[in-house]
Amino acid sequence: MNKPINILDKDYLQWVSELSKRYRQSQVKAAIKVNTEMLKFYWSLGRDIVALKAEVRWGSKFLANLSRDLKEQNPKSTCFSPTNLLYMKNFFRLYKGYGEITPQLGEQLENVSTIPTKIAPQLGVQIKKDIFSTPWGHHKLLIDKFLNEPQKALFYVHQTVANGWSRSMLHNFIDSSLYERQGKALSNFKETLPCVDSDLAQELTKDPYNFAFTGITKPYNEHILKDALLNNITRFLTELGTGFAYVGKEYRLQIGEVENFIDLLFYNLNLSCYVVIEVKIGKFTFADVGQLGGYVVACNHTLRKAGRDNPTIGLLICKEKDRIQAQYALESSSQPIAISEYDLEKFYPEKVEGTMPTIEELEAKLGDSTNK
């Protein structure tokens, strides 16, 4: 009889991590290099158009003429259409100051809070790397949407690189207002978690969560909603964010002589901790935080492994909340908890692809965390 592999086995996960790393390097190294060099050229061409004030200097038909002349000298090229040349100009305009590391960059980075906090020069290098690692089709979409909002564009650039988003997935998250929702849940993380962990935990939250993919349009109860979420587990995990691994529904916890059942239990590989999620179809009440806090403590006692797992986090997702009441409840709890709402009505594109990590990547990440 074959012995099942324990996905938390340290040696196995370390090996999977190494295999995954070697595979990804062999598959994408050349493609990334080509994309980076192409984008650097587009950047420099856009910079030249702006610096030379080309449209003023050579007239309103400048882009059409430049397109014709570049095609004549580079007949095999397909990137020199007037439209693409305009995108190159706007590519430079959108990220002006971020594509080059300058002494002034530190001031420009003050409000780019969606990228992990680092010393300004290091952050500048990371932003530049992200810009030139993002596919051109993604940049064209961001230029169309955020030409005069570089901070929003940089947020989506970073998320694209960090999560491996396809263009359709990027479009999906823009349409679902991810920038406005990301990290917006009410929480007590700053008071209950170490500083670095609290910032990362907060950034992983959303408010509201977009559950329109469930397709629920008629009256429902909590059982129906939870079933709909799990019947669309890929989309649910995508909405939760990268790094969430599903552990179980109605997860049984024996606490003393009493059986308790957690709505939904996940493990987050970025935080190296269990995440207890309670879903409520009604308005938030004080009792909800008390119940969730008890589950968090129980998970710490029964599931959390010393030296491997960080403290368990609780996430309450309800249909409606009074912010002041929710804040008072959070202040009363010593456990790390966040409170968000959910929305069933926002548009969600039919095709969802690109962000879900593979099982190998999830296991590899967990393996890396055990070595820290």
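Being a predicted model, the structure only gives us computed values, none of them experimental. Atoms considered below: every heavy atom in the structure, side chains included; atoms not considered: hydrogens, waters and symmetry mates.
- Using a 4.0 Å cut-off between a side-chain N of Lys or Arg and a carboxylate O of Asp or Glu, K321 and D207 qualify as a salt bridge.
- Between Y342 and I281 there is a side-chain heavy-atom pair separated by less than 4.5 Å.
- Proximity of L265 to C299: side-chain heavy atoms (C-beta onward) are separated by under 4.5 Å at one or more points.
- The backbone N or O of S334 sits nowhere less than 3.5 Å from a side-chain atom of T192 that would complete a donor-acceptor pair.
- T83 and S81 form no side-chain donor-acceptor contact under 3.5 Å, judged by distance and modelled atom types alone.
- Checked by atom type and distance alone, the side chain of E250 never pairs as donor or acceptor with a backbone atom of R252 at under 3.5 Å.
- No side-chain donor from either of S176 and N210 sits under 3.5 Å from a side-chain acceptor of the other.
- For Q126 and D130, the side-chain atoms include at least one donor-acceptor pair closer than 3.5 Å.
- Not a single donor-acceptor pair under 3.5 Å links the side chain of K40 to the backbone N or O of F132.
- Distance alone, capped at 3.5 Å, places no donor-acceptor pair between the S272 side chain and the N310 backbone.
- Distance check, rounded to the nearest 0.5 Å: CG of L86 to CG of L66 gives 11.5 Å.
- A donor-acceptor pair under 3.5 Å is formed between the side chain of N268 and the backbone N or O of L271.
- In this structure a side-chain-to-backbone donor-acceptor pair under 3.5 Å is missing from Q327 to N188.
- Summarising the local packing, CZ of R323 is surrounded by 12 or fewer heavy atoms from other residues, nucleotides or ligands at distances under 6.0 Å.
- In this structure, K140 is positioned above the aromatic face of Y87, its NZ or CZ under 6.0 Å from the six-membered ring centre and within 45° of the axis.
- Under the 3.5 Å distance criterion, with hydrogens and angles disregarded, no donor-acceptor pair is assigned to the side chains of K283 and Q325.
- Here the CZ atom belonging to F213 is positioned 5.0 Å from the CG atom belonging to L229, to the nearest 0.5 angstrom.
- With rounding to the nearest 0.5 Å, the separation of CG in L94 from NZ in K152 is 12.5 Å.
- Note that SG of C318 and CD of E222 are 10.5 Å apart. Values are rounded to the nearest 0.5 Å.
- The closest side-chain donor-acceptor pair between N300 and T312 falls under 3.5 angstrom.
- Between the side chain of D288 and the backbone N or O of T285 there is at least one donor-acceptor pair closer than 3.5 Å.
- In this structure, the side chain of Q202 engages the main chain of G183 through a donor-acceptor pair within 3.5 Å.
- Note: Y251 and Y274 fail the aromatic proximity criterion, with ring centroids not under 6.0 Å apart.
- No donor-acceptor pair under 3.5 Å is formed between the side chain of N90 and the backbone N or O of R93.
- Between F80 and L85 there is a side-chain heavy-atom pair separated by less than 4.5 Å.
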Problem set entry | L344 vs T214, side-chain contact (heavy atoms from CB on, under 4.5 Å): CA-CA, chis, key distance, verdict | CA-CA 8 Å; L344 294 174; T214 60; 3.6 Å; yes
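- Heavy-atom neighbours of E180 CD from other residues, nucleotides or ligands within 6.0 Å: above the threshold of 12.
- To the nearest 0.5 Å, atoms CZ (F211) and CG (D343) are separated by 10.0 Å.
- With respect to H139, the ring-ring contact (aromatic ring centres under 6.0 Å, His included) criterion is satisfied by exactly one of F91, F92, W43, Y42: F91.
- The main-chain N or O of V279 is found under 3.5 Å from a side-chain atom of D263 such that the two form a donor-acceptor pair.
- Atom-to-atom distance recorded for K226:NZ and K249:NZ is 7.0 Å, nearest 0.5 angstrom.
- Counting heavy-atom neighbours within 6.0 Å of K184 NZ, excluding the residue itself, gives a total above 12.
- Two rings, from Y156 and F146, have their centers less than 6.0 Å apart.
- Enclosure of atom OH in Y328 is not indicated, since only 12 or fewer non-hydrogen atoms of other residues, nucleotides or ligands lie within 6.0 angstrom.
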